[in-house]
Amino acid sequence: MTGKITFTMIKPDAVEANNIGPILAMINKAGFTIKALKYLSLTKEQAGQFYAVHKERPFYGELVDYMSSGPLVAAILSKDNAVSDYRKLIGATDPTKAEEGTIRKMFAKSIAANAVHGSDSDENAHIESDFFFSQLERF
Ligand code: IDP
Ligand code: MG
């Protein structure tokens, strides 16, 4: 069995559009269990730290501004093959390329404001979960 957890955020655009509930419902319906959950906003510095791997990419400044622009929901999700199954559920980074029925196809506004984050590897799922949650906050 590979990777039982993944990390997600419901990004500020989806929170603003009142889509926290519908997105969490899709996550549960797809068989993921919520192991940790919080509602918070990031400072620019925290958003920059979270996305530090993208520092050299041209959209980094825009991404940091956007991810610190309003509250978001952070969560740890559990399921067999959590990382790859969740990437399938959210769809492509660019919502115009995301498949029908995916979270990004349904809820994303643009390639930057694309509704949700999903970890890209088991290693990053753990690093990202540790960025947001202590052991006391996981069930
Ligand atoms: P992912 O979220 O699908 O893993 P990444 O390539 O890791 O995509 O990019 C991280 C985030 O950066 C994306 O979710 C999106 O919010 C933003 N992003 C990616 N590519 C672009 C772009 O070309 N323009 C603006 N923002 C982008
Ligand atoms: Mg990524």
Passes side-chain contact (heavy atoms from CB on, under 4.5 Å), Tyr66 versus Lys11? Steps please. CA-CA 9 Å; Tyr66 163 63; Lys11 297 184 178 184; 3.3 Å; yes
Of all residues at least two apart in sequence or in a different chain, which pass the side-chain contact (heavy atoms from CB on, under 4.5 Å) check with Ser41? none
Working to the nearest 0.5 Å, report the span between NZ of Lys35 and CZ of Phe139. 10.0 Å
So that I can tick it off, tell me whether Asp120 and Arg87 are bridged by a salt bridge, with the cut-off set at under 4.0 angstrom between side-chain N and carboxylate O. no
I'd like to know if the side chain of Arg104 reaches the main chain of Gly91, judged simply by a donor and an acceptor atom lying under 3.5 Å from each other, with no hydrogens or angles considered. yes
With sequence neighbours left out, write down each residue that passes salt bridge (Lys or Arg N to Asp or Glu O under 4.0 Å) with Asp94, or none if nothing qualifies. Lys97
Compare all side-chain heavy atoms of His54 with those of Leu63 and state whether any distance is below 4.5 angstrom. yes
Smallest heavy-atom separation, Ser69 atom then Pro12 atom, equals OG-CB, 3.8 Å
Residues 22-32, side-chain donor-acceptor partners within the protein, below 3.5 Å, at least two apart:
{"unit_1": "Asn28", "atom_1": "ND2", "unit_2": "Phe32", "atom_2": "O", "d": "3.0"}

Any side-chain heavy atom of Leu72 sitting closer than 4.5 Å to one from Leu40? yes
Is the shortest side-chain heavy-atom distance between Val15 and Tyr39 below 4.5 Å? yes
Please evaluate residues Asn19 and Ile10 with respect to the criterion side-chain contact (heavy atoms from CB on, under 4.5 Å), reporting the C-alpha separation (whole Å), side-chain torsions for both, the decisive distance (0.1 Å), and the verdict. CA-CA 9 Å; Asn19 285 324; Ile10 300 175; 6.0 Å; no
Does Val73 share a hydrophobic cluster with Phe107, counting links as ILVMFWY side-chain heavy atoms below 4.5 Å and allowing steps through other members? yes
Verify same cluster id: Val64, Val53 (apolar side-chain graph, 4.5 Å): no
According to side-chain contact (heavy atoms from CB on, under 4.5 Å), who are the partners of Glu137, at least two apart in sequence or on a separate chain? Lys38, Phe133, Ser134
Got Lys88 and Glu99 here, is their nearest side-chain heavy-atom distance under 4.5 Å? no
Pair Phe131, Phe7 - check side-chain contact (heavy atoms from CB on, under 4.5 Å), show working. CA-CA 10 Å; Phe131 185 91; Phe7 171 78; over 6 Å; no
Test of understanding: clusters of I, L, V, M, F, W, Y form through side-chain heavy atoms closer than 4.5 Å, transitively. Do Leu89 and Val83 belong to the same one? no
Side chains of Met9 and Met67: closer than 4.5 Å at any heavy-atom pair? yes
Any side-chain heavy-atom pair from Thr33 and Leu77 closer than 4.5 angstrom? no
Give the cluster check for Tyr51 versus Phe59: same hydrophobic cluster or not, with ILVMFWY residues linked at side-chain heavy-atom distances below 4.5 Å. yes
Just so I know, are the side chains of Asp80 and Lys4 near enough to count as touching, which here means a heavy-atom distance under 4.5 Å? yes
Considering the options Ile76, Leu42, Leu37, which one meets the side-chain contact (heavy atoms from CB on, under 4.5 Å) requirement together with Phe132? Leu42
Taking salt bridge (Lys or Arg N to Asp or Glu O under 4.0 Å) as the test, write out the residues that go with Glu123, two or more places apart. none
I want to check something: taking the side chain as every heavy atom from C-beta on, are Ser68 and Gln46 in contact at a cut-off of under 4.5 Å? no
Could you please spell out the steps behind the side chain to side chain donor-acceptor pair (under 3.5 Å) verdict for Ser119 and Tyr86? CA-CA 8 Å; Ser119 303; Tyr86 193 63; over 6 Å; no
Kindly determine whether Thr102 and Ile90 satisfy side-chain contact (heavy atoms from CB on, under 4.5 Å), including the steps that lead there. CA-CA 5 Å; Thr102 60; Ile90 68 178; over 6 Å; no
Which residues pass the side-chain contact (heavy atoms from CB on, under 4.5 Å) test with Asp130, not counting sequence neighbours? Arg138
